[in-house]
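Heads up: the structure comes next, in structure tokens.
We use all heavy atoms of the structure for the numbers below, so side chains are in, but hydrogens, waters and symmetry mates are not. Chain A is the first sequence line, chain B the second, and so forth, proteins listed ahead of strands; every chain is numbered from 1.
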2 protein chains.
Amino acid sequence: MSESPRPTLADVAARAGVSASTASLAFSGSGPVSDATKQKVHAAAAALGYAGPDPRAQSLRRGRSGIVGVVLEERVRAAFLDPVKIQMLDGITEGIGSLGAGLLLLTDTGEAGGNAVGIESAPVDAVVLVGCSPRLGQSVEVLRRRGIPSVAIEGDAGDGIPKISIDNREATRRGAEYLRDLGHTRVEVVTLPFDAARTRGPITSELEHGSTAETASERLAGAREVFPDVTGRVAGASSIEEGLEAGRALLADPSSRPTAIIAQSDLLAAGVIQAAEELGIAVPAELSVLGFDGIRVDGLQHDLTTLVQPSVAKGRAAGEAVVSLLAGDTPRSVCFTSVLHVGDTTAPPRTG
Amino acid sequence: MSESPRPTLADVAARAGVSASTASLAFSGSGPVSDATKQKVHAAAAALGYAGPDPRAQSLRRGRSGIVGVVLEERVRAAFLDPVKIQMLDGITEGIGSLGAGLLLLTDTGEAGGNAVGIESAPVDAVVLVGCSPRLGQSVEVLRRRGIPSVAIEGDAGDGIPKISIDNREATRRGAEYLRDLGHTRVEVVTLPFDAARTRGPITSELEHGSTAETASERLAGAREVFPDVTGRVAGASSIEEGLEAGRALLADPSSRPTAIIAQSDLLAAGVIQAAEELGIAVPAELSVLGFDGIRVDGLQHDLTTLVQPSVAKGRAAGEAVVSLLAGDTPRSVCFTSVLHVGDTTAPPRTG
DNA sequence: CTGAAAGCGCTTACAG
DNA sequence: CTGAAAGCGCTTACAG
């Protein structure tokens with residue numbers, strides 16, 4: 001019982017007594033083959049234990065691998081801790097559905113050494129760049145040289161690369177207006193990180209100016225359009241834990257306590273609410289909290305007032321743009337609109 | 001400015017005035033090439049905008065694609081909602097690190113129609129099967145025919161396929177013993193789903209016997225070794241929300257209230273704790289709660305007593321088994337041990 | 001240190 | 001409906 005090498009299409013053809021071309025046609029169904037021949041070929045395949053055409057040879061011959069790369073800016077674990085990214089991924093899967101392509105996870109983290117499969121050598125037909133990483137420029141350049149069609153989600157990748165984004169600034173402005181119209185004037189912000197180091201702490205002009213995170217900057221700018229001098233805290237990540245910490249810092253001192261907090265994500269908002277509960281501050285009676293994302297925060301017992309962004313649609317649009325690029329078209333950039341959902345975490349400030 | 005076709009290694013070689021073999025060697029560094037020649041080749045590549053060898057051709061020639069498939073039992077979103085799976089994925093990434101391989105996401109969901117990249121046609125060098133899906137058998141058979149080395153995490157895939165698992169039964173037994181030793185006798189369980197339909201509700205013998213979920217069954221069996229008649233609720237998923245619902249059902253009636261609840265995941269445990277808080281039941285004074293997993297539940301303010309399973313190590317072991325298989329070795333199955341972490345959610349039952 | 005040759009396994013015009 | 005031929009782009013023994 002020696003290990004026989006995997007049979008090839010040529011072996012199958014020989015055993016079936018047909019040519020390789022005919023055997024190929026019998027498998028792909030892309031040409032006219034008589035039923036009798038088809039059966040002979042499949043019988044031969046079954047007898048030899050042939051499991052179908054080798055995808056490596058197919059992709060060389062066809063010039064396509066059937067794989068779409070997703071370039072994450074961080075390591076896999078970090079990316080998947082963010083519910084919004086997961087929804088986007090799901091949307092991408094949906095968007096490229098008609099391609100039947102697989103999703104290859106790639107990260108941004110510099111060179112893939114040696115014979116590693118990185119952005120500069122992955123056998124992908126197209127790529128979706130997720131998030132505006134500082135490395136975006138380099139990634140784009142490599143992909144351009146390789147001639148691999150790309151789409152960017154939330155990040156400006158330059159000419160020829162469709163950008164899928166949302167109205168971060170305007171949406172936040174609308175949320176802020178809603179708070180202002182409720183009567184709030186003492187408002188603070190909890191932002192997403194501004195830099196790759198994920199520096200945590202008070203918002204400083206240094207951090208703001210050095211920002212490499214468009215999303216955080218734009219959302220802050222939107223809040224400033226309504227509350228020009230608004231300030232607050234920078235969280236180290238989008239998580240309940242970070243929101244809790246920032247919330248404690250903002251709410252600790254009763255004399256300087258805001259009546260409303262604008263959080264740049266729902267997870268941060270959930271953390272702020274937890275901080276308020278800890279300190280015996282009633283939400284929304286004594287503190288209004290606004291989120292961003294519109295995810296369902298597992299375990300949160302409030303109906304969060306938030307800006308609902310279409311994460312899945314965003315991913316789907318990116319996927320569809322990939323399909324369109326591969327069809328030779330030039331898809332346009334898309335900017336989605338987020339919708340203010342008024343839940344039970346906002347109310348007029350307590351007067352007195 | 002017409003679109004010129006992508007240059008090939010042959011083009012580069014021609015322009016550099018060397019043979020294709022030499023150009024290849026200059027790129028791969030796997031043969032002796034003079035520095036002068038190397039420079040000529042790289043200069044020619046730069047001039048032509050050659051971005052490096054085509055990975056499709058490389059993988060046909062070398063017989064390897066540099067890609068490892070991860071077969072999830074559910075759609076991408078569902079899989080990534082589970083923190084344990086994400087940690088495992090991270091561990092897999094780590095374990096195959098030395099390969100420099102990319103991770104291709106595949107799902108179990110039947111045939112990939114047409115020219116889709118599915119389990120039966122993905123250009124992967126090896127595969128990690130995650131979770132014990134009812135389809136596991138079919139997937140394994142397809143991979144066996146294709147000659148693709150596979151590793152299974154938490155699922156019995158049969159001969160020749162190394163299995164990476166944890167001591168679900170024994171670990172739960174140890175947790176249950178701890179509760180018994182504290183003095184608990186009125187104990188209930190909140191389990192993970194038993195079937196593909198994720199049926200939610202009271203534990204019935206019908207559900208138990210029809211189980212396709214080894215993990216849920218084994219953990220329940222472990223609890224029964226200490227509390228033979230223990231019963232409880234089946235959750236529809238591993239989430240705080242589901243734990244909350246199950247917790248409410250178990251705690252609603254003061255006359256039949258348990259003094260301890262064994263949850264089959266930390267998320268479920270967090271939900272149970274939330275239900276207790278809602279009902280004004282103090283944890284751990286009036287109710288002890290035991291979890292499983294040892295993840296950090298974002299936002300949970302308790303130090304959960306739980307069985308810490310080495311999720312990352314599990315993934316890493318699977319990744320290492322893949323490396324070993326690709327090296328021609330025959331790695332052994334591994335069963336990891338979970339460790340009881342005593343936090344602040346368990347205490348002796350209130351006497352009186 | 002360099003080159004000529006073969007071939008990885010398949011698909012696709014092109015004839016017949 | 002079927003077959004012979006070329007070739008996708010590369011790498012790897014093998015000579016020299």
Quick one: list whatever passes side chain to side chain donor-acceptor pair (under 3.5 Å) with [X], sequence neighbours left out.
| X | result |
| --- | --- |
| Ser165(B) | none |
| Arg144(A) | Glu141(A) |
| Thr212(B) | none |
| Thr215(B) | none |

Which parts of residues 16-28 of chain A get close to DNA chain D, meaning a heavy atom less than 4.0 angstrom away?
Val18(A), Ser19(A), Ser21(A), Thr22(A)
Taking only heavy atoms on the protein side, list every residue of residues 42-49 of chain A lying under 4.0 Å from any atom of DNA chain D, sorted numerically.
none
Do the non-hydrogen side-chain atoms of [X] and [Y] ever get within less than 4.5 Å of each other?
| X | Y | result |
| --- | --- | --- |
| Val124(B) | Ile148(B) | yes |
| Gln138(A) | Arg135(A) | yes |
| Leu9(A) | Pro53(A) | no |

Residue pairs fulfilling side chain to side chain donor-acceptor pair (under 3.5 Å) with at least one residue in residues 44-56 of chain B, sequence neighbours excluded:
Asp54(B)-Arg56(B)
Write down the protein N/O and nucleotide N/O pairs, taken from nucleotides 14-16 of chain C, whose separation is under 3.5 Å; answer none if there are no such pairs.
none

Distance in angstrom units between Arg56(B) CZ and dT11(C) C1', rounded
14 Å
Separation of dG9(C) P from Arg64(B) CZ (nearest whole Å)
15 Å
Heteroatom pairs (N/O) under 3.5 angstrom, protein to nucleotides 6-8 of chain C:
{"residue": "dG7(C)", "atom": "N2", "partner": "Arg61(B)", "partner atom": "NH1", "Å": "3.1"}

Consider side chain to side chain contact (heavy atoms under 4.5 Å, CB included). Of Val127(A), Ile67(A), Val70(A), which one does Leu104(A) pass it with?
Ile67(A)
Name the one of Val18(B), Val41(B), Leu25(B) that satisfies side chain to side chain contact (heavy atoms under 4.5 Å, CB included) with Val33(B)?
Leu25(B)
Does Thr37(A) reach a base, just sugar-phosphate, or nothing at all? Heavy atoms under 4.0 Å.
sugar-phosphate
Heavy atoms only, 4.0 Å cut-off, all strands: where does Pro53(B) land among base, sugar-phosphate and nothing?
sugar-phosphate
Would you find a donor on one side and an acceptor on the other, under 3.5 Å apart, between the side chain of [X] and the backbone of [Y]?
| X | Y | value |
| --- | --- | --- |
| Arg146(B) | Ala122(B) | yes |
| Glu154(A) | Ile166(A) | yes |
| Asp125(B) | Val68(B) | no |

Identify each donor-acceptor pair in which a side-chain atom of residues 318-336 of chain A lies under 3.5 Å from a protein atom, sequence neighbours left out, and give them as a table.
{"residue": "Ser333(A)", "atom": "OG", "partner": "Lys163(A)", "partner atom": "N", "Å": "2.9"}

Report yes or no: do Ser24(A) and Ser21(A) form a side-chain donor-acceptor pair below 3.5 Å?
no
Applying a 3.5 angstrom cut-off to the pairing atoms, does DNA chain C sit in any stems of at least three consecutive Watson-Crick or G-U pairs? List them by first number.
C:1-3 with D:14-16, C:5-12 with D:5-12, C:14-16 with D:1-3
Is the phosphate of dG9(C) approached by Tyr50(A) (side-chain N or O, under 4.0 Å from OP1 or OP2)?
no
It should be established whether Gln58(A) places a side-chain nitrogen or oxygen under 4.0 Å from OP1 or OP2 of nucleotide dG9(C).
no
Sequence neighbours left out, what pairs pass salt bridge (Lys or Arg N to Asp or Glu O under 4.0 Å) with at least one residue falling in residues 81-98 of chain A?
Glu73(A)-Lys85(A), Glu74(A)-Lys85(A), Asp90(A)-Arg75(B), Asp90(A)-Arg77(B), Glu94(A)-Arg316(A)
